[in-house]
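Note that ligands are numbered from 1 as they come in the structure, with each ligand's atoms numbered from 1 the same way.
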Amino acid sequence: MTEEPGTELLNADGPGLTRAAALLACGALVAFPTETVYGLGADARNDDAVAAIYAAKGRPNFNPLIVHVADLDAARTIAELPAQALDLADAFWPGPLTLVVPIRPDAGLSPRVTAGLSTVAIRVPANELARRLLAQFGGPVAAPSANLSGKVSPTTAAHVMAGLSGRIAAVVDGGSCDIGLESTIIGFDPEPTLLRPGGLPVEAIEDLLGQPLRGSQPSELPNAPGQLASHYAPNAALRLNATEARSGEYLLGFGPVAGNATLSASGDLHEAAANLFDRLRAADATGAARIAVAPIPDHGLGRAINDRLRRAAAPRD
Ligand code: TXA
Ligand code: MG
């Protein structure tokens with residue numbers, strides 16, 4: 001019997017990216033860094049490669065994927081961007097913004113990418129390695145976060161390996177992700193609608209559009225398919241808005257709440273976002289039955305942090 005080939009850890013250099021692009025071209029799965037989280041990439045035109053993403057993650061096939069492209073021109077070969085989507089793309093691409101827009105009939109994507117929807121989620125990542133990989137590969141790359149479905153998203157190559165080693169061909173090791181939270185997702189139906197808060201603050205989008213986003217009230221339910229209530233879940237149970245640890249709890253602090261570890265001692269939301277998933281993993285690794293988390297202000301990146309924390313704390317059944 002032959003041994004399962006291991007997952008290659010590729011350097012963030014010319015040879016590493018050349019290898020990564022060659023693997024994508026032959027239909028293999030390659031995890032790579034973006035400015036938000038690590039993505040699990042496959043050629044978005046290759047049906048078998050896209051099917052392999054769902055299999056490797058254990059992801060339900062009704063949860064569509066984000067297509068990553070090198071620039072706006074490439075996005076326009078795949079989708080029709082309404083005027084407000086173009087405004088957002090001009091202002092915020094490359095960057096942590098995903099636009100859900102009508103797919104073109106001649107897009108050439110595997111239908112599995114969109115899970116049969118008539119819209120497609122697209123983004124142009126800002127991370128230098130991601131951009132070089134997309135340029136070298138020369139095609140659209142479907143990439144969800146590179147974690148097992150329902151688990152905490154990866155912000156380092158080691159996080160990717162912890163969940164997917166042996167299940168994917170390779171990981172490009174680009175160090176820690178700058179932002180640390182997934183992209184903000186905006187749809188148009190036809191009003192601009194917040195489908196998932198993320199690395200681009202809602203306030204920046206509303207300022208640019210000059211109007212409030214639909215769905216941006218915290219009380220409204222999330223609209224993105226596959227946005228399950230329980231998500232981003234560590235093994236431990238979570239308790240939110242905690243100012244001190246109860247017996248047996250591991251406390252994640254923020255600002256004045258010190259805790260066993262802190263998301264940001266100075267109360268900086270960017271630092272807290274960048275630390276969030278790594279600190280949740282580290283807290284989990286202590287074996288604590290429960291993780292308590294200090295209150296996080298609900299503005300700017302804090303909205304996306306609180307969204308992830310609420311999902312991590314949601315009942316899992
Ligand atoms: O920052 C990110 O967005 C990362 C990096 C790798 O780019 N990717 C990411 O992918 O977070 P994933 O698969 O974990 O989340 C994709 C989200 C899902 O909630 C899915 O429901 C939504 O995008 N989505 C994809 N296509 C959609 C569509 N046509 N309509 C509505 N939502 C869609
Ligand atoms: Mg994900």
Side-chain angles (χ1 to χ4, degrees), residues 29-42 44 50 53-54 56-69 78-80 85 92-103 107 109-127 129-131 133-134 140-155 159-160 163-164 171-172 174 177-189 193-200 215 221-233 273-274 277 301 304 307-308 311-312:
L29 302 185
V30 177
F32 61 97
T34 81
E35 70 279 22
T36 59
V37 299
Y38 274 70
L40 177 57
V50 175
I53 289 181
Y54 289 94
K57 282 181 60 92
R59 179 178 176 111
N61 64 7
F62 55 82
N63 188 359
L65 307 175
I66 295 175
V67 177
H68 297 65
V69 292
I78 290 172
E80 314 275 1
F92 299 118
W93 278 355
L97 171 69
T98 295
L99 300 173
V100 173
V101 285
I103 191 168
L109 301 183
S110 160
R112 296 179 202 265
V113 168
T114 56
L117 298 172
S118 59
T119 52
V120 59
I122 306 193
R123 89 177 185 97
V124 177
N127 176 283
L129 292 167
R131 294 178 65 72
L133 179 59
L134 287 168
V141 172
S145 51
N147 52 280
L148 293 172
S149 185
K151 298 294 186 183
V152 177
S153 293
T155 56
H159 294 166
V160 177
L164 296 176
V171 185
V172 178
C177 299
D178 287 342
I179 295 175
L181 291 173
E182 298 84 349
S183 61
T184 302
I185 306 182
I186 302 294
F188 304 86
D189 67 349
T193 302
L194 179 67
L195 300 179
R196 178 179 74 183
L200 180 65
L221 284 172
N223 298 307
Q227 285 269 77
L228 310 176
S230 169
H231 208 112
Y232 311 100
F277 291 142
L301 288 181
D307 170 80
R308 303 305 186 271
R311 289 179 204 283

With heavy-atom distances below 4.0 Å as the criterion, list the atoms of ligand 1 near A121.
25 (C), 26 (N), 27 (C)

Among V30, V160, L29, which residue meets the side-chain contact (heavy atoms from CB on, under 4.5 Å) test with V171?
V160

Ligand 1-proximal atoms of S145, by part, heavy-atom distance under 4.0 Å
both

Looking at every non-hydrogen atom in both residues, tell me the closest pair between R123 and T36 and how far apart they are.
NH2-OG1, 3.1 Å

Which ligand 1 atoms, with their elements, are less than 4.0 angstrom from a heavy-atom of G39?
6 (C)

In terms of its nearest heavy atom to atom 22 (C) of ligand 1, the top option of V67, T184, I185, T98 is I185

With rounding to the nearest 0.5 Å, note down the distance linking CG in L40 to CG in L164.
6.0 Å

Any N, O or S atom of S145 closer than 2.8 Å to the Mg ion (ligand 2):
yes

Closest heavy-atom contact between A273 and L181?
CB-CD1, 3.7 Å

Ignoring hydrogens, just give me the one of I103, L97, V100, L40 whose non-hydrogen atom is nearest atom 30 (N) of ligand 1.
V100

I want to know if ligand 1 touches E182 in the polar sense, i.e. an N/O pair below 3.5 angstrom.
no

Here the atoms of ligand 1 under 4.0 Å from any heavy atom belonging to N63 are 18 (C), 20 (C), 21 (O)

Report, in ascending order of atom number, the atoms of ligand 1 lying under 4.0 Å from any heavy atom of H68.
5 (C), 6 (C), 7 (O)

If I apply the N/O under 3.5 Å rule, does R123 come out as touching ligand 1?
yes

Can you tell which of P144, S149, P33 gets a heavy atom nearest to atom 10 (O) of ligand 1?
P144

With atoms numbered from 1 as shown, which atoms in ligand 1 lie under 4.0 angstrom from a non-hydrogen atom of I66?
3 (O), 8 (N), 9 (C), 10 (O), 16 (C), 23 (O)

Heavy-atom pairs closer than 4.0 Å: do any link ligand 1 to the side chain of K57, the backbone, both, or neither?
neither

Numbered atoms of ligand 1 (with element) below 4.0 Å of T119, judged on heavy atoms
28 (C), 29 (N), 30 (N)

S183-ligand 1 polar pair, N/O distance under 3.5 Å
yes

Atom indices of ligand 1 within 4.0 angstrom of L117 heavy atoms, with elements:
28 (C), 29 (N), 30 (N)

Mark up the atoms of ligand 1 that fall under 4.0 Å of a heavy atom belonging to T36, in ascending order.
1 (O), 2 (C), 4 (C), 5 (C)

Kindly say whether N147 contributes a backbone atom to a donor-acceptor pair with the side chain of Y38 at under 3.5 angstrom?
no

